[in-house]
Amino acid sequence: MRESKPVEDQMSLEEQSTLVIEFLDGLMDAFELDAEVYAERVDDETVEMRVENTAGVGLLIGPKGNTLRAVEDLSRMLVQRKSDGNCEGRIRVDIGGYRERRRAALESFCEKIAVEVRDTGEDRPLEPMNAADRKVVHDVVAEIEGVSTVSEGQEPRRWVVIIAD
């Protein structure tokens, strides 16, 4: 059984950020992309690593953000290995503002669908999506009267159903 390190030996978010910035800089060099990589504190427990000012950003985002999620997973695995799994907080990765644009588009779409469901009374299942996107849907719909949400299915094909109340 692996013993956990004391809290004071945890890898801080700042140390994680430095590690991930070095990784992302190396990735940009490997792809011969000229990009700026920096860390931005989102809240007390989260730092978002941002890759900006790059042409060829689509290559790093991939279809439906799949490559971006893989880059984020690799970044997290690197942190886990270097910290022996003893690290504080969360690291997220965004490339070219994709996550914010995706969130805004998803919020707008969900609002439209929720109003349709409320007006017609017909429940509406959405396409399978990752946990972060499902959370956006749940949060947006929770603010609209007359509708609610439920997640169905099994990972990785889990989806949200918007339900008329």
Side-chain angles (χ1 to χ4, degrees), residues 1-110 126-143 149-160:
M1 184 167 121
R2 182 189 233 174
E3 288 185 31
S4 60
K5 293 181 182 178
V7 171
E8 59 269 6
D9 289 345
Q10 282 186 331
M11 182 182 280
S12 71
L13 276 172
E14 289 72 25
E15 292 170 312
Q16 294 174 57
S17 297
T18 300
L19 192 60
V20 175
I21 286 173
E22 289 172 4
F23 167 71
L24 293 173
D25 278 337
L27 187 63
M28 296 307 114
D29 289 345
F31 279 94
E32 298 179 352
L33 297 172
D34 184 27
E36 179 182 339
V37 180
Y38 63 94
E40 183 173 299
R41 189 81 134 179
V42 174
D43 57 36
D44 289 342
E45 298 179 358
T46 310
V47 172
E48 186 166 88
M49 312 309 296
R50 300 204 175 171
V51 179
E52 300 290 341
N53 305 326
T54 181
V57 73
L59 175 69
L60 296 172
I61 295 171
K64 295 187 178 182
N66 288 335
T67 305
L68 170 57
R69 276 191 293 285
V71 169
E72 184 173 72
D73 288 345
L74 287 171
S75 298
R76 287 179 178 162
M77 283 180 12
L78 173 66
V79 167
Q80 289 294 316
R81 286 217 171 137
K82 294 287 184 176
S83 70
D84 290 328
N86 193 14
C87 49
E88 65 179 31
R90 285 185 305 265
I91 294 285
R92 292 190 319 217
V93 176
D94 191 16
I95 298 174
Y98 173 81
R99 288 193 188 277
E100 190 57 40
R101 287 190 314 274
R102 168 82 175 152
R103 180 180 180 86
L106 189 56
E107 286 174 350
S108 176
F109 172 75
C110 291
L126 303 179
E127 68 182 38
M129 57 184 74
N130 64 50
D133 287 349
R134 288 194 311 270
K135 180 171 179 1
V136 170
V137 174
H138 290 301
D139 291 349
V140 167
V141 175
E143 298 296 317
T149 57
V150 63
S151 287
E152 294 184 354
Q154 298 295 317
E155 292 293 351
R157 298 196 43 81
R158 198 155 163 78
W159 64 90
V160 175

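Remember, it's a predicted structure, so these values are computed and weren't measured experimentally.
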Exercise. Run the numbers on Ser83 and Gln10 for side-chain contact (heavy atoms from CB on, under 4.5 Å), then give the verdict.
Key: CA-CA 7 Å; Ser83 70; Gln10 282 186 331; over 6 Å; no
Quiz prompt | Trace of the side-chain contact (heavy atoms from CB on, under 4.5 Å) decision for Glu152 with Trp159 | solution = CA-CA 5 Å; Glu152 294 184 354; Trp159 64 90; 3.7 Å; yes
Exercise. Go through Thr67 and Leu59 one step at a time and tell me if the side-chain contact (heavy atoms from CB on, under 4.5 Å) criterion holds.
Key: CA-CA 8 Å; Thr67 305; Leu59 175 69; over 6 Å; no
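Within the 4.5 Å cutoff, the side chain of Met49 has no heavy atoms near those of the Glu72 side chain. Under the 4.5 Å side-chain criterion, counting only non-hydrogen atoms from C-beta, Glu40 is not in contact with Asp94. Side-chain contact between Arg90 and Val42 is absent, with no heavy-atom pair separated by less than 4.5 Å. Between Arg69 and Asn66 the shortest side-chain heavy-atom distance falls below 4.5 Å. A heavy-atom distance below 4.5 Å is found between the side chains of Arg76 and Arg92.
A distance of 5.5 Å separates CD1 of Ile61 from CZ of Arg101, quoted to the nearest 0.5 Å. In this structure, Ile95 CD1 and Leu27 CG are separated by 7.5 Å, a value rounded to the nearest 0.5 Å. With values rounded to the nearest 0.5 angstrom, Arg134 atom CZ is found 5.0 Å from Ser151 atom OG. Taken to the nearest 0.5 Å, the OG atom of Ser17 stands 10.5 Å off from the CE atom of Met11. In this structure, OH in Tyr98 is found 9.0 Å from NZ in Lys64, a value given to the nearest 0.5 Å. Atom CG of residue Leu60 and atom CZ of residue Phe31 lie 6.0 Å apart, to the nearest 0.5 angstrom.
When atom types are taken as modelled, the side chain of Asn130 and the backbone of Ala132 share a donor-acceptor pair closer than 3.5 angstrom. Not one N or O on the side chain of Gln80 forms a donor-acceptor pair closer than 3.5 Å with the backbone of Cys87. Remark: side-chain polar atoms of Ser75 are paired, donor with acceptor, to backbone N or O of Val71 under 3.5 angstrom. Side-chain atoms of Glu15 come within 3.5 Å of backbone N or O of Ser12 as a donor-acceptor pair. Here the side chain of Arg158 pairs no donor or acceptor atom with the backbone of Ala131 at under 3.5 angstrom.
Of the residues Leu24, Thr18, Val20, the one that meets the side-chain contact (heavy atoms from CB on, under 4.5 Å) test with Glu22 is Thr18. When Val136, Val150, Thr149 are each tested for a side-chain contact (heavy atoms from CB on, under 4.5 Å) with Val160, only one passes: Thr149.
The two residues Pro128 and Arg157 come nearest to each other via the heavy atoms CG-NH2, 3.6 Å. The shortest heavy-atom contact between Ile21 and Ala39 is CD1-N, 4.0 Å.
Applying the 6.0 Å contact sphere to CD of Glu155 captures more than 12 heavy atoms from other residues, nucleotides or ligands. No more than 12 heavy atoms of other residues, nucleotides or ligands lie within 6.0 Å of CG in Asp34, so this atom counts as exposed by the packing criterion.
For the pair Glu14 and Arg41, the salt-bridge criterion is met [side-chain N within less than 4.0 Å of a carboxylate O].
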